[in-house]
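Working notes for the structure below.
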Amino acid sequence: MRREFILVFLGIICISTLSSLLSGYVQIEIDKVLLDTVVGAVGAGNFSYWQLGHTGPLLVELTSLTGDADLYVSDSLRPSYEVDRNNFSSVTCGHDMVHIPADFPRPIGIGVFGHWSHSLSSYSIQVFLDTSTVLSEEQLQAIERAQRSSGEKTDMDKKSEKQAYKKQEEAPKPRFLRFLDLVDMIFEMIML
């Protein structure tokens, strides 16, 4: 009986370890290369603006973490929900996505609008290089040079990354993961 008990606990610990390792894993499709990630929040009826200077065909994905944020993209730096003030938009109630062609002028203005139905909407933006389109050798070299030059981060970038990381740590875990953490702690107490 004791041997079965220990094997069950070892199985639970293995599952817990595996789930904690996989919780930080983001599966990215083969034809997409992650270039940038931004986490932010916007109030109801307001815009948050971002600039994007990456070259090549891009895919911008906005995920509303809380509330409902909408995505607007323009060749001007301040896109709006007005039709003549944006080139691309996605205004769904969840996952918003916009494809930006390689020949679109840079820098790109990204506007995130907080829908009126929620007082505060938090969101995550991921920018991908869309490699599903055929790129020439020159375009690939230009993209690599742009990535290397954008690799140097300012103190403000580092500070915003730390804040985003803290927000992700504070996010509530699913019940199953909390349960596995609890079982893991109990097992460690018993074994020590």
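Using a 4.5 Å cut-off on side-chain heavy atoms (C-beta onward), Val38 and Trp50 make contact. Between Ile110 and Val98, the closest side-chain pair of non-hydrogen atoms is not below 4.5 Å. The closest side-chain heavy-atom distance from Pro57 to Leu129 is below 4.5 Å.
Between the side chain of Asn86 and the backbone N or O of Ser80 there is at least one donor-acceptor pair closer than 3.5 Å. Judged by distance alone, the side chain of Arg85 and the main-chain N or O of Arg78 form a donor-acceptor pair under 3.5 Å. In this structure, Ser121 contributes its side chain and Asp68 its backbone to a donor-acceptor pair below 3.5 Å.
What you find for Val39 and Leu65 is that their closest heavy atoms are CG1-CD1, 4.4 Å. Taking both residues in full, the closest heavy atoms of Arg106 and Gly53 are given as CG-O, 4.4 Å, listed atom of the first, atom of the second, then distance. Listed here is the closest heavy atom pair of Pro79 and Phe47: O-CE2, 3.8 Å. Of all heavy-atom pairs between Ser89 and Tyr72, the closest is CB-CD2, 3.5 Å. Scanning all heavy atoms of the two residues, the minimum distance from Leu77 to Tyr49 falls at O-CD2, 3.9 Å. Across all their heavy atoms, Leu62 and Ala69 have their closest contact at CD2-O, 3.4 Å.
In terms of hydrophobic clustering, with Ile, Leu, Val, Met, Phe, Trp and Tyr side chains grouped at heavy-atom distances under 4.5 Å, Leu34 and Met97 are assigned to a common cluster. Linking Ile, Leu, Val, Met, Phe, Trp and Tyr residues whenever their side-chain heavy atoms come within less than 4.5 Å leaves Phe113 and Ile108 in two separate clusters.
For the 3.5 Å distance criterion, the side chains of Thr66 and Ser122 qualify, holding a donor opposite an acceptor.
To the nearest 0.5 Å, the span separating OG1 on Thr92 from CG on Asp70 amounts to 7.0 Å. Rounded to the nearest 0.5 Å, atoms CG (Asp75) and CZ (Phe88) are 9.0 Å apart. Leu52 CG to Ile100 CD1: the interatomic distance, rounded to the nearest 0.5 Å, is 6.0 Å. Going from atom CG of Leu58 over to atom CZ of Phe104 covers 10.5 Å, rounded to the nearest 0.5 Å.
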